[in-house]
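Any value given below was found using the heavy atoms of this structure, including those in side chains, with hydrogens, waters and symmetry copies removed.
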Amino acid sequence: MDDVTAVPASLFGPFSGRCGRNRINDGVSTTPRQFAFTTRAHVAVDDATGEPIGLDDVDIRVGWLLDLIAAAGGELMSRLWQPATFDVLAAGRDRQDRTLPAQGHVAAARLGWAPIYPAGVYVPSRVTRVVTAQAMATLRTLAYRDAAIAALSTRFDPATGVVAPPTGSGDHVSAGFARGVLRQLAARARSSGGAPAGRVRITDLQGPPQTSAMARLSAADRQLAQITVTGDELVLTVKLPTSPAPAGRAQWRSVRLTAAIPAHLHDRAVTDWHLPTLILDRRGLLWRCAATELVPADDPESAAVAVGVDWSPSTLGAAAITAENPDGLVSDYRGWTYDDRGLGIKLARLQAEGQLLHRKAARLTQLAATAEPEVRALLEEKIAVLNEHREAVGIKRGKINRELAFHFGRQVTDYAAAAQAQLIAVEDLTTLETRGHGRVNNNRAAQSARRQAVAALAHTAAEVGITVVSVPARGSSAWCPGCDQALCRPGGYHTAWCPGCRVGGNRDHIAGVNLAKRVLLGKRNVTRPRGQLPAIRVAEHAPVRKCRDKKSPTPSTPRHRRVRRSLPTVTPRLGVTPKQHVPAPQASVWDTVKPAPPHGDAGSRDTRLSQAPATPAADSMRST
C-alpha cells in the first residue's frame with residue numbers, strides 16, 4: 001500500500017470544522033477535527049455473489065462511472081453558464097423566496113437544475129446527486145469571482161487601462177486578483193475597439209470551467225455507497241456500471257472494495273470515517289478519504305507564548321518566540337531557520353526545466369501552424385513528447401512540495417511544543433506578494449508551497465493543541481518589534497538593526513518576533529471564517545523587550561559520533577608462515593545517525609560487534 005500520507009482536508013474539501021467540544025475520560029477538553037488521507041483497494045468482490053473481481057476490471061468500471069459524471073457535469077455547467085445563474089447564487093434564495101440550503105444537491109433540486117444524460121442511458125438518482133453537488137460547489141466558488149469582476153469592470157477605464165479606487169469596503173479585492181481581472185478587461189477592450197466595457201460578468205470574459213473526472217461519494221447515501229471499518233481495513237460498498245452506457249437498473253451492480261487503514265492512523269482517536277472521493281490516476285483507483293478525530297481543544301485567549309513563522313525567500317520559513325508576562329512582552333530575539341534539506345534547490349531546478357519545456361512546446365506549436373503536412377506531423381510528435389515530460393515534471397514537483405510542506409509543519413510544531421507555545425502566527429497569504437527581487441526570484445517565491453505548508457502546519461499543530469492563526473503581514477520584517485520604527489540594513493538585505501532599541505539580527509527572525517507579538521496582542525479578537533484559518537485582521541503594537549532569559553528552545557541537531565572499526569579476525573593457517581600483519585591506524589568516521597534504540601540492534605552502525613582483535617593472533621604466530 002502506498003499514497004497514504006495524511007494530507008489536510010482543505011486540499012480536497014472544507015477546512016477542519018469545529019462541531020462542538022466534549023471531554024474524554026482523562027478530563028482533557030477535546031474537539032472534533034476532520035482530516036484527509038489517501039489509500040488504495042487491494043481486494044474487490046461482487047457484493048451479491050461474493051466472487052472476486054480483478055482490480056483492473058474495477059478500474060475500468062470506475063472509469064465508466066467517472067465518464068458519466070464528467071459528461072453530465074460538463075453539460076450542466078455549460079447550460080448554467082449565464083449571468084442569471086450567478087444572480088440566483090448571489091441572492092441565495094429559491095423561487096419560493098426560501099434560503100438555499102448548504103447542501104449542493106439539495107439546492108440544485110430546489111432550483112430545478114438537473115443534468116441531462118444521453119438517450120437510452122440509465123443513471124441512478126444518487127449519481128445525479130454527485131453530479132449536481134460537484135457543479136454547485138464550482139458555481140458557488142465562481143460566484144465571488146463574478147461579483148468581483150462586475151465591481152471592477154464598472155470602475156475600469158478602457159482608454160487608460162486603469163481601475164479607479166473602490167468607493168466602498170465591499171468592493172475591495174486583493175491586488176493579485178485585481179491585476180488578473182485588469183488584464184482580461186484590457187484584452188476585451190482591445191478586441192472591441194476600445195469601447196466602454198460597462199458592467200462585465202464572468203461569463204463575458206471566460207468560458208465554463210472544465211469538470212474533473214471524480215466522484216464525491218459524500219453527496220450520496222447508502223443506496224449508492226457505504227463504508228464500514230473491519231479491524232484495520234476500510235470496506236467500501238459502491239454501485240458501479242457494468243457497461244459504458246448502462247440501459248437499466250440491472251447494469252448497476254454493487255462492488256465491495258477493501259483497503260487497509262494507514263498505519264499512522266491506528267493509534268489516532270478517530271470517531272467517524274467518511275465516504276471517499278474516487279479518482280483514477282496512472283496507478284489505478286485512488287481513494288481520497290476523510291475522517292473525524294478528537295484533538296485537544298485550543299484556547300487562544302489564555303495563550304502566553306506564541307511562535308511567529310515568517311516566509312523567507314531563501315528558505316521556506318523561519319520562526320521566533322515571543323512570551324507575555326506581567327511586565328509586558330519579552331523575547332530573546334533568537335530565531336530558528338528551517339532547513340529544507342536541499343529540496344528548495346531541487347524545486348527551483350524542476351521549475352526552470354518545466355518552463356523551458358513549455359517555451360519549446362509553444363514555439364513548436366507556432367511553427368506547426370504554418371508548416372507542411374509532413375513537417376507538421378513530426379512537430380506534433382515532438383510537442384506531445386514535450387508535454388508529456390512537462391506533466392511528469394509537474395507531478396514530481398507536486399510530490400516534493402507535499403513532502404516539504406509536511407516536513408516543515410512537523411519541524412515547526414516540534415519547535416513550538418518544545419517552547420510550550422499555545423499559538424503559531426503565520427502571515428496572511430492573501431496580502432503577501434513577492435515583489436522587487438527580480439523576475440526569477442519573484443516567480444520562484446510565488447510558486448513555493450506556502451499555502452500547502454500552512455495547511456500541513458495547521459494539521460500537525462492541532463494534534464498537540466496548538467492553534468495556527470493568520471495575522472497581517474505588512475511591515476513584519478521592516479519595523480522594529482520594540483519601537484515600531486523602520487529598521488536599517490547595515491549588513492544587507494538579510495540583516496536588520498534598530499539603533500534606538502539596539503536589537504537586531506536576521507530579518508526573518510525579527511519578522512517572527514513581530515508576528516508572534518501581533519497574535520498575542522490580538523488573541524481576544526480572533527475571527528474564525530468558515531473554511532479558513534482563524535485570523536486577526538488588525539495589527540496592534542506593544543513594545544517587545546529583549547530579555548537575557550532563554551525563551552526559545554535549542555533546535556535538536558544530530559550528535560556526531562565516532563565509530564571505530566577493528567581489523568577482521570585472522571584464522572591462522574597451520575604449517576604456513578604468515579606475513580607480518582601491521583594493523584592500520586584506528587579509522588574514525590563521523591556519523592550523524594540517530595541514537596540506537598534501548599534494546600540495541602546487532603546490525604546497527606552504533607553497535608560494535610564483539611570480535612577478537614587481529615593483533616594478538618599475529619603476535620602468537622610470531623612467537624612460534
Side-chain angles (χ1 to χ4, degrees), residues 10 13-15 73-74 76-113 132-158 160-192 195-212 428-433 451 470 472 527-533 535 537:
S10 60
F15 195 76
L76 179 62
M77 189 69 66
S78 61
R79 184 155 39 90
L80 296 177
W81 193 250
Q82 49 186 339
T85 300
F86 295 100
D87 293 338
V88 171
L89 294 178
R93 316 291 292 186
D94 59 6
R95 295 185 180 91
Q96 286 75 29
D97 200 25
R98 296 177 298 178
T99 303
L100 290 178
Q103 294 84 359
H105 65 279
V106 180
R110 283 195 184 178
L111 296 172
W113 297 348
T132 54
Q134 296 179 184
M136 286 294 294
T138 303
L139 290 174
R140 281 175 166 173
T141 302
L142 295 178
Y144 166 79
R145 183 176 180 87
D146 174 72
I149 289 175
L152 291 172
S153 62
T154 56
R155 297 184 278 112
F156 174 71
D157 185 4
T160 60
V162 178
V163 176
T167 57
S169 59
D171 297 337
H172 177 75
V173 295
S174 62
F177 179 82
R179 285 197 301 269
V181 175
L182 180 61
R183 286 193 293 266
Q184 291 180 319
L185 294 175
R188 189 174 186 273
R190 288 192 301 268
S191 62
S192 61
R199 191 169 185 265
V200 179
R201 306 296 295 270
I202 187 175
T203 55
D204 301 325
L205 296 180
Q206 63 188 56
Q210 296 181 355
T211 56
S212 302
D428 185 6
L429 296 179
T430 60
T431 61
L432 187 64
E433 296 186 55
R451 191 173 298 277
S470 175
T527 60
R528 299 181 181 271
R530 182 178 178 85
Q532 300 179 16
L533 284 176
R537 302 303 184 186

Return the minimal non-hydrogen interatomic distance between [X] and [Y], and the atom names on each side.
| X | Y | answer |
| --- | --- | --- |
| Pro208 | Met77 | CB-CG, 4.1 Å |
| Gly207 | Trp81 | O-CZ2, 3.4 Å |
| Pro101 | Arg140 | O-NH2, 2.8 Å |
| Gln134 | Ser212 | NE2-O, 4.4 Å |
| Ala535 | Pro529 | N-CD, 4.5 Å |

Is a side-chain N or O of [X] found less than 3.5 angstrom from the main chain of [Y], in a donor-acceptor match?
| X | Y | value |
| --- | --- | --- |
| Asp146 | Ile202 | yes |
| Trp113 | Ala107 | no |
| Arg188 | Val200 | no |
| Thr154 | Arg199 | no |
| Thr203 | Gln82 | no |
| Ser153 | Ile149 | yes |
| Arg110 | Leu100 | no |

Below 4.5 Å, heavy atoms only, C-beta onward: do [X] and [Y] meet side chain to side chain?
| X | Y | answer |
| --- | --- | --- |
| Tyr144 | Phe86 | no |
| Leu182 | Leu152 | no |
| Gln206 | Gln184 | yes |
| Leu89 | Met136 | yes |

Exercise for review: Apply the test side chain to side chain contact (heavy atoms under 4.5 Å, CB included) to residues Arg528 and Leu533: give CA-CA distance (whole Å), side-chain angles for both, the deciding distance (0.1 Å), then the verdict.
Suggested key: CA-CA 7 Å; Arg528 299 181 181 271; Leu533 284 176; over 6 Å; no
Looking at Arg93 and Asp87, is any side-chain nitrogen of the basic one under 4.0 Å from a carboxylate oxygen of the acidic one? no
Counting only heavy atoms not in Gln210 (residues, nucleotides, ligands), do more than 12 fall under 6.0 Å from its CD?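 Counting other residues, nucleotides and ligands, CD of Gln210 stays at 12 neighbours or fewer.
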Report the C-alpha distance between Leu205 and Leu185 in whole Å, list the side-chain angles of each, state the deciding distance to 0.1 Å, and finish with yes or no for side chain to side chain contact (heavy atoms under 4.5 Å, CB included). CA-CA 8 Å; Leu205 296 180; Leu185 294 175; 4.2 Å; yes
